[in-house]
Number of protein chains: 2
Amino acid sequence: MNGQAGQRRDTRPPSKRPYHHGNLRAELIEASFDVLAEHGLSEFSVAKAARAVGVSTASPYRHFADRDHLLAAVAAQAALELADRIGIDVASAGSDPGERFAVTAGTYVRYVADRGAGVNVIFSSPLTRLDQTELSDAGRQLISLLLDLAEHAGNAPRTQQALLLLERHIVTAHGYVTLYRDGFFASRNATVETIAERATQASRALLRGGTVAMLTPHV
Amino acid sequence: MNGQAGQRRDTRPPSKRPYHHGNLRAELIEASFDVLAEHGLSEFSVAKAARAVGVSTASPYRHFADRDHLLAAVAAQAALELADRIGIDVASAGSDPGERFAVTAGTYVRYVADRGAGVNVIFSSPLTRLDQTELSDAGRQLISLLLDLAEHAGNAPRTQQALLLLERHIVTAHGYVTLYRDGFFASRNATVETIAERATQASRALLRGGTVAMLTPHV
DNA sequence: GTCTATAAATAGATAGAC
DNA sequence: GTCTATCTATTTATAGAC
């Protein structure tokens, strides 16, 4: 058994690669979402994304300067996709402003569970420092969309209070999906849907609890 | 200024290591906290912990079977330390049950910012699967302590509602400190203290918002 | 633009000297 | 129990052929 007998097939592990044609840049971004969804940001690598597309590990560097620039493109697209999904879910949420806001917590949980990229990627320090206008613009639009919903949801549409409400809303939804992916809810047999629903209920509770003025803890 | 003058120290990069004496196991755990606090779980490595102590990268394997077993020991100690800090902060929080519960959100934020290990480590899937009784016991005690505070804080001390309140509380505190470490609050000049205070305020809002029965999402 | 090949880091883990 | 040395694997990134 010195070696698998009588086969010349497959003798060249990845040799004679079939040469890739097409829009590699877009395919790498899409494959990166798959890697993020399966492995998470901490185990993301350019090599994994390249293998998922079926190209050599050198090819991505023709389209992205380095790992962070690929991630920045992914993050920008994530912000756009997330805004899209929010728009869809809000449209189905009825007319109550509080409910239109709260359901976006569920949207967020489902999106991050599905695609692996949330505000931790979209607003992560290393990526923000790249000064990629595509990413910062998409991030701003996402926050603007959510802030608008928060302003209508809060009884007092003051920007300061809406910002605080939005902060708690994002933090809670992100905490839910992050801990879900880390296995924190593994004891109870939790699904993405149940976690999304619980995040939405937490957002409703936050809204009911109201926002005390931010500037008066020590003033 | 070719280099700090007059030193023969450091001439041998890591050669002739001074041979370590003492309680290496405990020192490795302590060094692991430093690594977690500085680099986070995703960049934790046995090699970094070993270098922080000043021993060879092989030495840790005399005390821990593999990377996960070292992390499990760290996680168990984190649960004990966190419970200690919670006891201290609750004792200073006065007599109002809601306030005694809410302040632990700030405790959690400060602890994870300081030590780098929170419920994502203490209850992480790979570590839970090791079936280390030291870790699972410490984790249970931590939850038990917090659940007791939640039961007193909620107007209805039903266990189901207290569990839901506690879940939201942990998720929110964890979301705050996680996103803080990821740079999400970098635009505003946020400190650990301000984030801890905001997490506590969010917990107060959750408590005010109350817990609707889990099984009546549309009632 | 994609390939093959390679260099330099870093990490997990083991073997064997002391 | 700690060391030095080593092996394997993975990744980032570059060089040069096609």
Side-chain angles (χ1 to χ4, degrees), chain A residues 10-32 34-36 38-74 116 124 126-127 129-130, chain B residues 10-32 34-36 38-75 116 121 124 126-127 129-130:
Chain A
D10 212 324
T11 38
R12 312 137 310 170
S15 89
K16 270 318 113 206
R17 204 191 296 275
Y19 202 97
H20 183 272
H21 294 288
N23 192 356
L24 180 54
R25 185 190 151 94
E27 287 183 43
L28 282 168
I29 293 175
E30 193 59 31
S32 295
D34 295 342
V35 173
L36 287 173
E38 185 174 358
H39 301 281
L41 178 59
S42 61
E43 290 174 61
F44 172 84
S45 73
V46 178
K48 282 197 182 88
R51 280 196 296 269
V53 172
V55 297
S56 75
T57 61
S59 304
Y61 293 94
R62 283 289 137 186
H63 298 274
F64 303 98
D66 55 25
R67 185 192 122 114
D68 278 353
H69 280 83
L70 169 53
L71 274 178
V74 172
S124 86
L127 269 42
R129 270 182 233 115
L130 296 182
Chain B
D10 212 325
T11 38
R12 311 137 313 171
S15 88
K16 270 318 114 199
R17 206 190 297 273
Y19 201 97
H20 183 270
H21 294 287
N23 192 356
L24 181 53
R25 186 189 149 94
E27 286 182 45
L28 281 168
I29 293 174
E30 193 59 32
S32 294
D34 295 342
V35 173
L36 287 172
E38 186 174 358
H39 301 281
L41 178 60
S42 60
E43 289 173 62
F44 172 83
S45 73
V46 177
K48 282 198 182 86
R51 281 195 295 269
V53 172
V55 296
S56 75
T57 60
S59 303
Y61 293 94
R62 282 289 137 185
H63 299 273
F64 303 98
D66 55 25
R67 185 192 122 115
D68 278 352
H69 280 82
L70 169 53
L71 274 177
V74 172
V121 179
S124 86
L127 270 41
R129 269 182 234 116
L130 298 183

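Throughout, a chain's letter reflects where its sequence line sits, starting with A, and its residues are numbered from 1.
- Looking at every heavy atom in both residues, B:A75 comes nearest to B:L127 through CB-CD2, 4.1 Å.
- With respect to B:F44, the side-chain contact (heavy atoms from CB on, under 4.5 Å) criterion is satisfied by exactly one of B:V74, B:V121, B:L70: B:L70.
- For the pair A:N23 and B:D66, both in contact range of DNA chain C, the more 5′-proximal nearest nucleotide belongs to A:N23.
- Atom CZ in A:F44 sits about 17 Å away from atom P in D:dT10, given to the nearest Å.
- Proximity note for A:A58 (side chain, C-beta onward) versus C:dC3, D:dT11, C:dA11: the nearest is C:dC3.
- Regarding B:Y61, its OH atom lies at a distance of 19 Å from the P atom of D:dA5, rounded to whole Å.
- Each of D:dA13, C:dG12, C:dT2 was ranked by its minimum atom distance to the side chain of A:T57; first place goes to D:dA13.
- Side-chain nitrogen and oxygen atoms of A:S45 include at least one within less than 4.0 Å of the OP1 or OP2 phosphate oxygen of D:dT11.
- Side-chain proximity of A:V55 to D:dT11, C:dG1, C:dC3: nearest is C:dC3.
- Taking the side chain of A:R62 as heavy atoms from C-beta on, and the options C:dT4, C:dT2, C:dA13, the nearest nucleotide is C:dT2.
- From A:H69, atom NE2 reaches atom NE2 of A:H63 across 15.0 Å, with rounding to the nearest 0.5 Å.
- For A:S59 against A:L24, the heavy-atom pair with the smallest separation is CB-CD2, 3.9 Å.
- B:A49 and B:A31 get closest at one heavy-atom pair: O-CB, 3.8 Å.
- Atom CG of A:L70 is separated from atom C1' of D:dT11 by 14 Å (rounded to the nearest Å).
- Checking D:dA13, D:dT11, C:dA11 against every side-chain atom of B:K48, the shortest atom distance belongs to C:dA11.
- Going from atom NE2 of B:H69 over to atom P of C:dG12 covers 15 Å, rounded to whole Å.
- Note on B:S59: a side-chain N or O is less than 4.0 Å away from OP1 or OP2 of D:dC3.
- In this structure, NE2 of B:H39 is placed 14 Å from C1' of C:dA11, rounded to the nearest angstrom.
- To the nearest angstrom, C1' of C:dT2 lies 12 Å from CG of A:L28.
- As rounded to whole Å, 14 Å separates atom P of C:dA11 from atom CG of B:L71.
- For the pair B:R67 CZ and C:dA13 C1', the interatomic distance rounds to 13 Å; values are reported in whole Å.
- The nearest heavy atom of DNA chain D to A:R51 and to B:L24 marks one nucleotide each, and the one closer to the 5' end goes with B:L24.
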